[in-house]
Amino acid sequence: MRLEGNIALVTGGSRGIGRAVCAELARQGASVAINYAGNSAAAEETAALCRQLGVEAEIVQADISSPAACEELIQCVKARFGRVDVLVNNAGITRDGLLMTAKEEDFVKTLDTNLKGAYFCTQAASKVMLRQKYGRIICLSSIVGLRGNPGQTAYAASKAGILGLVKAAAKELASRDITVNAVAPGFIDTDMTAVLPEKAKTAMLSTIPKGRPGSPEDVARAVAFFAAPECAYITGQVLCVDGGMAV
Ligand code: NAP
């Protein structure tokens with residue numbers, strides 16, 4: 001499956017899973033817009049990686065927790081490339097802590113970034129995609145959104161919310177050849193998981209039938225599957241990339 005002529009926007013494309021997604025989409029021939037929040041050096045590295053793969057790549061700063069910034073981000077990509085064929089709602093954060101002691105600001109920041117960001121990027125992109133009568137939207141959920149995890153109530157709520165967004169948007173947009181799907185990673189080796197205590201990592205690893213953490217590339221291949229023009233009759237679905245963790 002190839003993506004030549006496609007314009008793809010990846011939120012949080014500067015690091016981790018987002019970077020691997022940018023590279024995989026570039027490998028398939030898509031031009032890539034790489035969104036980031038604050039780490040412009042990392043975003044430039046992703047862009048250089050994509051250009052080495054022979055495609056156009058631009059970095060675009062935007063804090064996707066602001067709906068106005070989401071709208072501006074989509075308009076900026078549309079102005080630069082003329083279209084938005086693929087949107088990957090990847091940007092995300094964790095603010096872990098037990099429910100009993102969780103602070104409102106951590107809940108709000110988590111939901112604003114992970115769910116509100118995906119929601120308003122999807123809204124802004126879908127306006128462009130409806131006019132194009134074509135689009136592929138892929139949202140990063142998590143197996144934590146499917147199964148829950150102690151210490152991650154806000155994160156789990158945000159990632160479960162993504163699944164409702166995906167299913168409802170899939171139904172609204174299907175008639176215009178716009179698909180909306182979710183990828184739910186398990187335990188993936190990125191900056192997000194690097195900060196976990198060793199004890200928590202070991203406990204997590206023991207629950208993975210494959211016996212290893214996933215790589216960002218493992219997730220990127222699943223995202224690229226949903227991004228393909230040929231993937232036209234699959235919508236509203238959730239694909240777990242977790243080494244068997246959630247089975
Ligand atoms: P990561 O390594 O921590 O990278 C996070 C990315 O999101 C960075 O590119 C960061 O940009 C960007 N970002 C954060 N807040 C943003 C904001 N307000 N606006 C725009 N960009 C923002 O995370 P990751 O592990 O690759 O995770 C990527 C996605 O997969 C997340 O949605 C995460 O919840 C999900 N996921 C990850 C795992 C895992 O095990 N790693 C498991 C399940 C689901 P800067 O570089 O500018 O900071």
Side-chain angles (χ1 to χ4, degrees), residues 9-24 32-47 49 59-74 76-77 87-96 108-121 138-149 152 154-163 165-166 182-196 200-201 204-205 207-208 212-220 222-223 238-243 245-246:
L9 165 61
V10 181
T11 69
S14 44
R15 294 184 281 124
I17 293 169
R19 173 179 289 179
V21 168
C22 289
E24 183 59 32
V32 188
I34 301 147
N35 158 253
Y36 68 100
N39 200 335
S40 61
E44 285 292 4
E45 274 180 43
T46 306
L49 189 63
I59 68 167
V60 192
Q61 194 284 331
D63 175 355
I64 53 98
S65 65
S66 147
C70 295
E71 178 69 35
E72 266 180 50
L73 171 63
I74 302 296
C76 176
V77 175
L87 167 67
V88 184
N89 285 310
N90 164 80
I93 59 164
T94 50
R95 291 276 177 101
D96 295 350
V108 169
K109 185 77 188 154
T110 304
L111 271 285
D112 279 0
T113 307
N114 297 2
L115 183 57
K116 204 165 94 180
Y119 187 95
F120 285 100
C121 284
I138 303 103
C139 297
L140 271 292
S141 177
S142 166
I143 61 157
V144 169
L146 289 162
R147 297 179 22 160
N149 195 30
Q152 291 199 302
Y155 182 75
S158 72
K159 293 298 180 180
I162 287 281
L163 302 177
L165 163 63
V166 161
V183 171
F187 180 56
I188 311 299
D189 202 357
T190 68
D191 293 347
M192 185 177 271
T193 48
V195 295
L196 292 173
K201 285 190 209 172
M204 198 84 84
L205 274 175
T207 67
I208 305 174
R212 66 161 176 90
S215 69
E217 291 74 21
D218 287 324
V219 182
V223 172
V238 187
L239 180 54
C240 293
V241 182
D242 64 351
M245 206 175 174

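Given the structure is predicted, the values throughout are model-derived calculations rather than measurements. Start at 1 and go down the list; that is how both ligands and their atoms are numbered.
Those atoms of ligand 1 with a heavy atom of Asp63 less than 4.0 angstrom away are 17 (C), 18 (N), 19 (N). For ligand 1, the atoms lying closer than 4.0 Å to a non-hydrogen atom of Thr113 are 15 (N), 18 (N). Taking every heavy atom of Ala62 and a limit of under 4.0 angstrom, the matching atoms of ligand 1 come to 19 (N), 20 (C). Those atoms of ligand 1 with a heavy atom of Ile64 less than 4.0 angstrom away are 17 (C), 18 (N), 19 (N), 20 (C). Ligand 1 places these atoms under 4.0 Å from at least one heavy atom of Ile93: 14 (C), 15 (N). Atoms of ligand 1 found under 4.0 Å from any heavy atom of Asp191, numbered from 1 in the order shown, are 2 (O). The Tyr155 neighbourhood of ligand 1 comprises atoms 33 (C), 34 (O), 35 (C), 36 (N), 43 (C), 44 (C), with distances under 4.0 Å to a heavy atom of that residue. Those atoms of ligand 1 that come under 4.0 Å of a heavy atom in Thr193, given as number and element, are 39 (C), 40 (O), 41 (N).
Among all non-hydrogen protein atoms, the one lying nearest atom 12 (C) of ligand 1 is Gly12 CA, 3.5 Å. Protein heavy atom in closest approach to atom 13 (N) of ligand 1: Ala91 CB, 3.8 Å. The protein heavy atom nearest to atom 45 (P) of ligand 1 is Ser14 OG, 3.4 Å. Here the protein heavy atom with the shortest distance to atom 48 (O) of ligand 1 is Arg15 NH2, 2.9 Å. Looking only at protein heavy atoms, the nearest one to atom 44 (C) of ligand 1 is Ser141 O, 3.2 Å. The nearest protein atom to atom 5 (C) of ligand 1, hydrogens excluded, is given as Gly92 O, 3.8 Å; this is a heavy-atom distance.
Rounding to the nearest 0.5 angstrom, the gap separating the OG1 atom in Thr110 from the CZ atom in Arg95 is 6.5 Å. Between atom CG of residue Asp96 and atom CG of residue Asn149 there is a gap of 8.0 Å, rounded to the nearest 0.5 Å. If you take CG on Asn39 and CD on Gln61, they are separated by 11.0 Å, rounding to the nearest 0.5 Å. In this structure, SG on Cys139 lies 10.0 Å from CG on Asn90, to the nearest 0.5 angstrom. Between the CD1 atom of Ile143 and the NZ atom of Lys159 there is a distance of 12.5 Å, given to the nearest 0.5 Å. Taking CD1 of Ile34 as the start and OG of Ser40 as the end, the distance is 12.0 Å to the nearest 0.5 Å.
At distances below 3.5 Å, at least one donor-acceptor pair connects side-chain atoms of Thr46 with backbone N or O atoms of Ser14. Side-chain atoms of Ser141 never come within 3.5 Å of backbone atoms of Ala182 as a donor-acceptor pair (strictly under, hydrogens ignored). At distances below 3.5 Å, at least one donor-acceptor pair connects side-chain atoms of Thr193 with backbone N or O atoms of Ile188. Listed for the Asn35 side chain is a donor-acceptor partner under 3.5 Å among the backbone atoms of Gly12. Judged by distance alone, with hydrogens and angles left aside, the side-chain atoms of Ser66 form no donor-acceptor pair with the main-chain N or O of Asp63 at under 3.5 Å. Checked by atom type and distance alone, the side chain of Asp112 never pairs as donor or acceptor with a backbone atom of Lys116 at under 3.5 Å.
Looking at residues two or more places apart in sequence or on another chain, you find a side-chain hydrogen bond (donor to acceptor under 3.5 Å, both in side chains) between Ser158 and Asn114. Qualifying side-chain contact (heavy atoms from CB on, under 4.5 Å) partners for Glu44, counting only residues two or more places apart in sequence or in other chains: Ala47, Arg51, Ile59.
Here atom 38 (C) of ligand 1 lies nearest to Gly186 when heavy atoms of Cys121, Gly145, Gly186, Ser66 are compared. Nearest-heavy-atom check against atom 32 (O) of ligand 1 across Leu140, Asn90, Ile59, Thr11 picks out Asn90. Residue Ile188 holds the heavy atom nearest to atom 40 (O) of ligand 1 of all those in Leu73, Asp189, Ile188.
If you look at Pro213 next to ligand 1, there are no close heavy atoms at all, none under 4.0 Å. At a heavy-atom distance under 4.0 Å, only side-chain atoms of Asn35, from C-beta outward, approach ligand 1.
A salt bridge does not link Asp189 with Lys201: none of the charged nitrogens is closer than 4.0 Å to a carboxylate oxygen. A salt bridge does not link Glu45 with Arg15: every distance from a Lys NZ or Arg NE/NH1/NH2 to an Asp or Glu carboxylate oxygen is 4.0 Å or more.
Polar contact check, Ser142 against ligand 1: no nitrogen or oxygen pair lies under 3.5 Å apart. Polar contact with ligand 1: absent for Tyr36 (N/O pair, distance under 3.5 Å). No N or O atom of Pro185 sits closer than 3.5 Å to an N or O atom of ligand 1. Between Asn39 and ligand 1, at least one N/O pair is under 3.5 Å apart. Among the atoms of Thr190, some N or O lies under 3.5 angstrom from an N or O of ligand 1. For a threshold of 3.5 Å applied to N or O pairs, the pair formed by Ala37 and ligand 1 contains at least one separation below that value. The shortest N/O to N/O separation between Ile17 and ligand 1 falls below 3.5 Å. Considering backbone and side-chain atoms alike, Ala42 places every N or O at 3.5 Å or more from each N or O of ligand 1.
Heavy-atom neighbours of Phe187 CZ from other residues, nucleotides or ligands within 6.0 Å: above the threshold of 12.
Ligand 1 has at least one atom lying under 4.0 Å from a heavy atom of Gly38. Ligand 1 does not have Ala69 within reach: every non-hydrogen atom of the residue lies 4.0 Å or more from it. In this structure, Lys159 is part of the shell of residues with a heavy atom less than 4.0 angstrom from ligand 1.
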